[in-house]
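In the text below, chain A, chain B and the rest are named by the order of the sequence lines, each starting its count at 1.
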Amino acid sequence: MNLHEYQAKQIFADHNLPVSKNFLVTNSKEVKKAFNVIGGDKWVMKTQVHAGGRGKVGGVKLIDNIEDGIKFTNQWIGKRLISKQTDEKGQPVSVVMVEPCIEIEKELYLSAVVDRSAKAISIIASGEGGVNIEEVAETNPEKIFYEKIDLIIGPQPYQARRLSEALHLDAQQSNEFWNLFKNLVKMFVDCDMSLVEINPLIITSEGHLHCLDAKVNLDSNALFRQSNLANMRDLSQEDPQECEASNHDLSYVSLDGNIGCMVNGAGLAMGTMDTIKFYGGEPANFLDVGGAATKERVAKAFKIILNDPKVKVILVNIFGGIVRCDLIAEGIIAAVKETELVIPIVVRLEGNNSKLGSDMLQKSSLAIESDNDLENAAKKAILLAE
Amino acid sequence: MNLHEYQAKQIFADHNLPVSKNFLVTNSKEVKKAFNVIGGDKWVMKTQVHAGGRGKVGGVKLIDNIEDGIKFTNQWIGKRLISKQTDEKGQPVSVVMVEPCIEIEKELYLSAVVDRSAKAISIIASGEGGVNIEEVAETNPEKIFYEKIDLIIGPQPYQARRLSEALHLDAQQSNEFWNLFKNLVKMFVDCDMSLVEINPLIITSEGHLHCLDAKVNLDSNALFRQSNLANMRDLSQEDPQECEASNHDLSYVSLDGNIGCMVNGAGLAMGTMDTIKFYGGEPANFLDVGGAATKERVAKAFKIILNDPKVKVILVNIFGGIVRCDLIAEGIIAAVKETELVIPIVVRLEGNNSKLGSDMLQKSSLAIESDNDLENAAKKAILLAE
Amino acid sequence: MSILVNKSTKVLVQGFTGSQATLHSEQSINYGTNIIGGVTPGKGGTEHLGKPVFNSVAESMELQPNAALIFVPAAFCKDSILEAAEQGIPLIICITEGVPTMDMLVVKNKIDQLGITLIGPNCPGIITPDEAKLGIMPGDIHKKGRIGIISRSGTLTYEAVKQTTDLGLGQSSCVGIGGDPIPGSSFIDMLALFNDDPDTDAIIMVGEIGGNAEEEAAKYISNHVNKPVISYIAGQTAPSGKRMGHAGAIIAGGKGTAEDKMKTLQSAGVHVVDNLLEIGIRTQQVLD
Amino acid sequence: MSILVNKSTKVLVQGFTGSQATLHSEQSINYGTNIIGGVTPGKGGTEHLGKPVFNSVAESMELQPNAALIFVPAAFCKDSILEAAEQGIPLIICITEGVPTMDMLVVKNKIDQLGITLIGPNCPGIITPDEAKLGIMPGDIHKKGRIGIISRSGTLTYEAVKQTTDLGLGQSSCVGIGGDPIPGSSFIDMLALFNDDPDTDAIIMVGEIGGNAEEEAAKYISNHVNKPVISYIAGQTAPSGKRMGHAGAIIAGGKGTAEDKMKTLQSAGVHVVDNLLEIGIRTQQVLD
């Protein structure tokens with residue numbers, strides 16, 4: 001789950017990481033108050049969307065008068081921001097964050113991630129901040145520094161000292177860095193985060209460390225015990241179809257093709273897409289009905305697939321392990337009847353009760369093609385989509 | 001470092017362990033207000049001293065009217081409480097804690113300690129609460145249950161379930177116990193405790209778990225990072241001589257004999273006491289001047305030893321490792337001059353610069369016997385003490 | 001004849017009386033698996049599916065289980081795994097999906113310290129055909145044989161199983177290691193076991209996009225595995241940056257793409273198929 | 001000829017430029033110890049006592065130290081020990097007193113996991129006479145010989161050393177393991193090393209009241225040690241329940257008294273003396 005920058009910074013502040021106080025505006029009338037509360041004579045206004053690359057498309061701006069602040073707000077609120085990291089529709093902007101303008105002496109990079117290989121939390125730092133860190137990792141790997149957090153001992157001062165030296169921090173900044181390092185790890189663990197990125201972490205003109213940006217990903221599996229964070233979810237930033245799917249415990253990702261797919265299991269769902277493509281077709285979506293698919297979820301899955309007007313045929317591929325194929329068949333029949341489906345359906349059932357399921361489909365006298373060979377089923381679907 | 005029960009309960013409350021709200025009174029005028037604030041028609045009044053065994057000597061009492069409350073307060077405030085666990089002078093009472101009276105269904109025992117053998121924190125529980133747990137451990141060891149807290153994984157629900165079953169808790173109480181168990185460990189670690197004892201942990205007549213008593217020992221080595229807890233130290237509860245010593249980084253324990261001892265190192269200090277006893281003498285104290293003994297600390301040590309009127313002779317035993325014997329000699333000479341000492345001193349110097357130190361003592365023309373053989377020195381001191 | 005489990009494996013089911021556990025334990029028992037009992041706190045002393053129920057793993061140790069199969073809800077998996085590990089049960093299989101990553105970090109470090117094998121979580125389990133089924137896979141598609149199968153995905157494993165069964169090759173054992181960021185066992189752990197198993201002739205490894213488990217496996221294969229390895233990587237057509245169900249299936253910055261993985265495996269001498277439906281055929285070709 | 005340290009041990013001093021470290025490093029160098037340099041964060045690149053100073057242990061590894069001697073303040077010992085351990089330095093000696101118990105719990109678990117030997121904290125260190133002195137003991141009371149000495153107390157060790165030196169026995173090595181509740185190494189760890197050392201003929205073990213380290217040692221001695229062990233327990237006259245300086249020296253409920261310890265050691269075949277001044281003589285008698 002993603003958070004907005006202002007939400008991430010609120011959590012940062014709660015964990016004593018150095019961030020600016022900010023003020024949110026949702027319309028131009030609030031700008032004056034925001035500027036007054038923050039004080040000073042320069043402000044940074046940042047559109048709040050779940051995507052990077054805001055700066056390059058004007059979504060982040062340094063403002064030195066209220067008029068320009070109002071103009072920026074009117075320009076963005078209610079509009080969609082389209083950047084390199086969004087799709088072509090962009091992300092809706094409903095909140096603009098106002099922060100005091102801070103003089104930057106130097107930009108650094110700091111992040112925390114779950115390190116799969118090391119089975120640990122790893123901290124990544126670089127003296128090259130404010131840029132695309134993956135490029136730095138590619139071209140100048142020696143400029144990226146890593147510290148692994150040991151589970152028994154936790155973050156240690158010597159690790160922070162090592163990074164401080166690599167980042168050429170002075171003694172005062174090294175002290176600040178140790179606190180930042182320690183608090184970052186605590187926040188990461190306490191909040192079940194999967195990624196925290198501070199890019200840039202800056203040295204201010206007064207010589208202090210300060211988190212200028214804040215990006216946070218949460219572990220969706222842990223939201224049950226992070227209800228405060230779960231409440232921060234902003235559904236407006238997510239694809240409505242994917243959202244609707246996830247509300248029904250379905251995994252759905254919209255794609256560009258015309259063959260709708262309904263599969264059980266993420267691996268087989270990807271495998272089914274690959275198979276369609278291998279035989280010359282184009283999948284319209286990824287859809288995993290999950291291990292414990294019920295009749296109701298299958299019906300819901302159908303409706304979500306059919307919301308996409310590009311879909312010309314639906315390929316159902318079920319390999320019953322937990323799932324019983326007869327329940328799937330029941331779900332398909334119910335859904336076809338309920339939605340008065342006009343496009344063709346090809347169904348491949350295998351595994352648990354597959355014979356029973358196939359029989360039910362055939363007896364249903366609905367226009368459902370049933371073929372238990374995946375190659376044949378895929379080829380039929382491709383043919384029907386043309 | 002020890003805490004008062006009311007201080008321990010404050011920390012318990014901060015860590016969400018179930019304790020009663022309490023109210024402190026320091027004179028009889030405050031009793032009425034305390035009773036009113038707490039409400040109800042029965043109260044428990046408990047003298048606050050650093051010692052157990054209060055109940056048996058009347059230091060804890062169930063009270064059902066304000067007059068008796070005032071009587072109890074007047075009886076104790078400003079007096080000393082003498083119990084099995086105090087010395088013959090007893091401990092001064094300056095605070096009485098008032099708590100609501102809670103109906104007890106059953107008394108259990110729960111504690112947390114640093115387990116030296118296991119290199120872990122161990123939780124100890126028993127269904128036999130409110131009694132001397134060491135006796136239970138001796139006579140019915142099968143009634144005591146242990147769980148070791150692993151450093152990687154922390155306290156786990158299955159450990160709490162195991163103890164809950166051993167304590168015959170019902171499902172609701174087991175849930176409460178898991179929270180108590182978890183919070184107890186967190187408090188223990190966060191506060192650098194070395195012992196927490198809840199005796200009794202009770203099941204109330206409503207069926208809830210509740211900490212009726214609370215005893216806490218803190219790790220003195222960790223007080224530098226527990227300033228809030230360090231501030232809770234009540235010097236009035238400690239031996240003034242030992243206190244004064246500890247303020248000067250000296251370890252001093254008063255004993256019953258007449259041979260004052262000043263030694264460097266706790267082990268050698270005990271060894272010196274043993275040696276005196278072995279040859280028929282009686283040590284008046286344990287005193288460790290520590291590894292980094294300075295001239296000033298030696299002088300201070302002398303003063304502390306001499307505050308004890310029983311002392312008839314002082315035996316100084318220094319084996320210089322870190323300590324330089326010449327500095328010790330300097331300290332002795334200065335102290336003897338300053339205090340215009342009238343009792344004899346026997347000094348044994350060995351190790352680092354011992355020759356130099358002995359020479360200085362001899363040249364000082366003070367009445368100091370110097371003998372670098374510990375047996376001889378001890379025997380001389382014993383002779384002089386008779 | 002197999003890895004990790006066989007006819008004599010004594011299986012303890014944790015969360016035994018839950019609905020999923022009941023469904024799959026029954027199927028496992030019908031398959032011939034030696035399920036000796038289960039654990040459900042508070043239900044100790046009762047019977048379920050004709051087997052004894054215990055309050056704790058400790059109590060169940062009188063039956064000497066040597067494998068634990070876990071069906072408890074995600075929030076309690078950490079506790080259940082650690083409870084079994086503390087009692088020294090050497091093989092733990094956790095089927096449950098949705099276990100928090102932070103829990104798995106702790107669990108993985110601890111079981112490694114104890115030298116215990118954990119399969120999963122978020123996995124179909126492990127099966128040795130005609131001997132023992134510890135998981136949720138449909139038993140009837142399997143056939144005793146000499147192919148070892150390892151997979152990060154559940155249903156995709158079944159495809160590979162069915163193809164090798166249809167071709168008459170059969171399987172020595174099949175393991176689903178799960179698709180989570182921090183799995184209990186890696187491809188490498190299972191490759192090592194299959195490589196040492198005298199009754200496995202070839203190994204099918206079904207991977208997917210995301211992470212770098214396949215890349216690490218490739219390195220291990222080229223250095224240590226002397227049996228043929230056949231591999232398919234799911235997600236060749238997945239768009240970059242989109243999450244495909246599994247937490248493991250995120251493509252991050254050019255790393256972990258199907259293309260990269262397939263190339264790396266090929267360089268390590270692995271027989272890589274680009275069509276899911278050719279896994280079985282290619283295996284047969286490699287063995288001929 | 002010794003345990004743990006000898007002429008060729010390359011010693012790194014952590015907290016090198018502090019006053020205590022300076023004093024004792026100088027004495028160690030004069031004794032002939034091969035101190036190769038030290039660490040003081042922020043002073044890297046300078047020289048101290050004619051040896052190089054580094055900012056971190058990692059930087060110092062170019063000199064391949066195989067022992068670290070720690071003099072940093074108590075609040076920083078955890079960090080310093082773990083820093084040396086992370087770099088794989090196999091022997092770490094921490095002199096500092098006052099290290100919080102909770103820090104030592106973490107440190108002890110970690111160094112055990114890594115297989116590293118930690119001596120201390122709150123200890124005089126270790127010396128192999130005429131070869132290497134890593135600690136704060138006065139070097140000149142030692143004499144090369146064939147008695148191994150282990151002690152929880154500093155100055156009490158010196159007594160045992162002096163007595164064996166005066167009698168001409170000398171010492172193979174002397175180790176102060178420290179009196180803290182959670183020491184890095186126990187009596188048992190050192191007994192094992194001395195028992196295996198071909199140049200140690202007898203072992204003097206100086207214990208004290210509190211804890212149960214001596215009782216555990218007794219058990220180990222009767223099962224594993226085939227050299228004579230001579231022991232003295234300090235605190236025979238200490239009143240029960242009173243704290244005698246060391247955190248380890250609390251008598252709790254009949255356990256950990258000198259009397260109990262002496263009896264247990266005697267039953268294990270240890271030669272126990274009740275007079276501190278007879279440690280040397282008894283050792284000589286045992287060897288004759």
List for me each residue that meets side-chain contact (heavy atoms from CB on, under 4.5 Å) alongside A:F278, sequence neighbours excluded, and say none if there are none. C:D274, C:N275, C:E278

Ranking C:M137, C:Q236, C:H24, C:E159 by heavy-atom pairs under 4.5 Å to chain A gives rank one to C:E159

Quick one: closest heavy-atom pair of A:H50 and A:Q237, and the distance? N-OE1, 2.9 Å

Tell me yes or no: between the side chains of C:Q27 and C:T33, is some donor less than 3.5 Å from an acceptor? no

Whatever's closer than 4.5 Å to a heavy atom in chain A on C:I141 counts as side chain

Engaged part of A:A378 at the chain C interface, taking heavy atoms whose separation is under 4.5 Å: neither

C:L277, part contacting chain A, at a heavy-atom distance under 4.5 Å: side chain

Go through the atoms of A:L374 and report whether side chain, backbone, both or neither lie under 4.5 Å from a heavy atom of chain C. both

So, for A:A377 and A:R348, which heavy atoms are closest and what is the spacing to 0.1 Å? CB-CB, 4.0 Å

Check A:A284 against A:G260 and note the closest heavy-atom contact, atom names and distance. CB-N, 3.9 Å

Applying side chain to side chain donor-acceptor pair (under 3.5 Å) to C:T264 and C:E214, what does each step give before you reach the verdict? CA-CA 8 Å; C:T264 311; C:E214 290 79 6; over 6 Å; no

What part of A:E350 lies closer than 4.5 angstrom to a heavy atom of chain C: side chain, backbone, both or neither? side chain

Name the region of A:D192, side chain, backbone, both or neither, that has any atom closer than 4.5 Å to a heavy atom of chain C. both

Between C:G98, C:P100, C:A75, C:A234, which has the largest tally of heavy atom pairs under 4.5 Å with chain A? C:P100

C:E259 and C:K263: CA distance, side-chain angles, deciding distance, salt bridge (charged side-chain N to carboxylate O under 4.0 Å, His left out) verdict: CA-CA 6 Å; C:E259 204 189 335; C:K263 268 191 202 156; 3.8 Å; yes

Select one option (side chain, backbone, both, neither) describing which atoms of A:D256 are under 4.5 Å from chain C's heavy atoms. neither

Could you tell me if the side chain of A:S246 sits less than 4.5 Å from the side chain of A:E238, heavy atoms only? no

With a 4.5 angstrom heavy-atom cut-off, which part of A:S194 approaches chain C: side chain, backbone, both or neither? neither

Top contributor to chain A contacts, counting heavy-atom pairs under 4.5 Å, from C:T157, C:D112, C:D103: C:D103

Can A:D115 and A:K148 be counted as an ion pair, charged N to O under 4.0 angstrom? no

Does any backbone or side-chain atom of C:K110 lie under 4.5 Å from a heavy atom of chain A? Answer side chain, backbone, both or neither. neither

Comparing A:V263, A:L268, A:D274 against chain C, the one with the most heavy-atom pairs below 4.5 Å turns out to be A:D274

Go through the atoms of A:Y279 and report whether side chain, backbone, both or neither lie under 4.5 Å from a heavy atom of chain C. side chain

Are C:K133 and C:H142 side-chain neighbours, meaning at least one heavy-atom pair lies under 4.5 Å? no

Residue part contacting chain C, namely of A:V114, when any heavy atom lies under 4.5 Å: side chain

